[in-house]
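Because only heavy atoms are used, hydrogens play no part in the values below, and waters and symmetry mates are left out as well, while side chains stay in.
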Amino acid sequence: QVQLVESGGGLVQPGGSLRLSCAASGTIFGIRTMGWYRQAPGKQRELVATITTGGRTTYVDSVKGRFTISKDNAKNTLYLQMNSLKPEDTAVYYCNAVLKTTPWGPFSDYWGQGTQVTVSS
């Protein structure tokens, strides 16, 4: 069994910063990508940022220059540094990993339980 446990959410004022973490544990034989998604009330879940094991990153346009995704491969831990936060960043943030639990695969999607980020004065 694989678990993804997020932490670091909370309430922050506009312009503030938060750092999210996601620790992956369990029987993991390889991780292809990890990423952060978010879902605001009444909206569909959207991709925020992804990172490959090799360090290649992608970001949704709305967070470019403000958010930074990073990963500690040795610890299977994913981070999202969020700066210059805006009210429209308010959402539940979910950690995602595409990984395999046996040496021969296949790769499958795993999700964390989500952490609330609220940006409000």
Side-chain donor-acceptor distances from residues 69-78 under 3.5 Å, at least two apart:
from  : atom 1 : to    : atom 2 : distance (Å)
Lys71 : NZ     : Asn73 : OD1    : 2.3
Asp72 : OD1    : Ala74 : N      : 3.1
Asp72 : OD1    : Lys75 : N      : 3.2
Asn73 : ND2    : Thr53 : O      : 3.4
Thr77 : OG1    : Lys75 : O      : 3.1

Those residues that, when tested against [X], pass side chain to side chain donor-acceptor pair (under 3.5 Å) (two or more places apart):
{"X": "Gln113", "value": "Glu6"}
{"X": "Thr50", "value": "Thr58"}
{"X": "Lys100", "value": "none"}
{"X": "Asn96", "value": "Asp109"}

Give the table of side-chain donor-acceptor pairs shorter than 3.5 Å for residues 15-28, with sequence neighbours excluded, one pair per line with atom names and distance.
from  : atom 1 : to    : atom 2 : distance (Å)
Ser17 : OG     : Asn83 : OD1    : 2.9

- Among residues two or more places apart or on two chains, list those pairs meeting salt bridge (charged side-chain N to carboxylate O under 4.0 Å, His left out) that have a residue in residues 42-59. Arg38-Glu46
- Message: According to salt bridge (Lys or Arg N to Asp or Glu O under 4.0 Å), who are the partners of Arg32, at least two apart in sequence or on a separate chain?
- Response: none
- Set of residues satisfying ring-ring contact (aromatic ring centres under 6.0 Å, His included) with respect to Tyr37, sequence neighbours excluded: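 Partners of Tyr37 by the ring-ring contact (aromatic ring centres under 6.0 Å, His included) criterion, ordered by chain and then number, come out as Trp111.
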- Val98: which other cluster members, linking ILVMFWY side chains closer than 4.5 Å, directly or transitively?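 Besides Val98, the hydrophobic cluster comprises Phe107, listed by chain and residue number.
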- Task: Check whether Val48 and Tyr110 end up in the same hydrophobic cluster, where Ile, Leu, Val, Met, Phe, Trp and Tyr are linked by side-chain heavy atoms less than 4.5 Å apart.
- Result: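 Yes, one cluster joins them.
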- Task: Scan for ring-ring contact (aromatic ring centres under 6.0 Å, His included) pairs involving residues 8-27, sequence neighbours excluded, and state none if there are none.
- Result: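 Applying ring-ring contact (aromatic ring centres under 6.0 Å, His included) to every pair that reaches into residues 8-27, excluding sequence neighbours, yields nothing.
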- Query: With Lys64, which residues qualify under side-chain contact (heavy atoms from CB on, under 4.5 Å), at least two apart?
  - Reply: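 Residues passing side-chain contact (heavy atoms from CB on, under 4.5 Å) with Lys64: Tyr59, Asp61.
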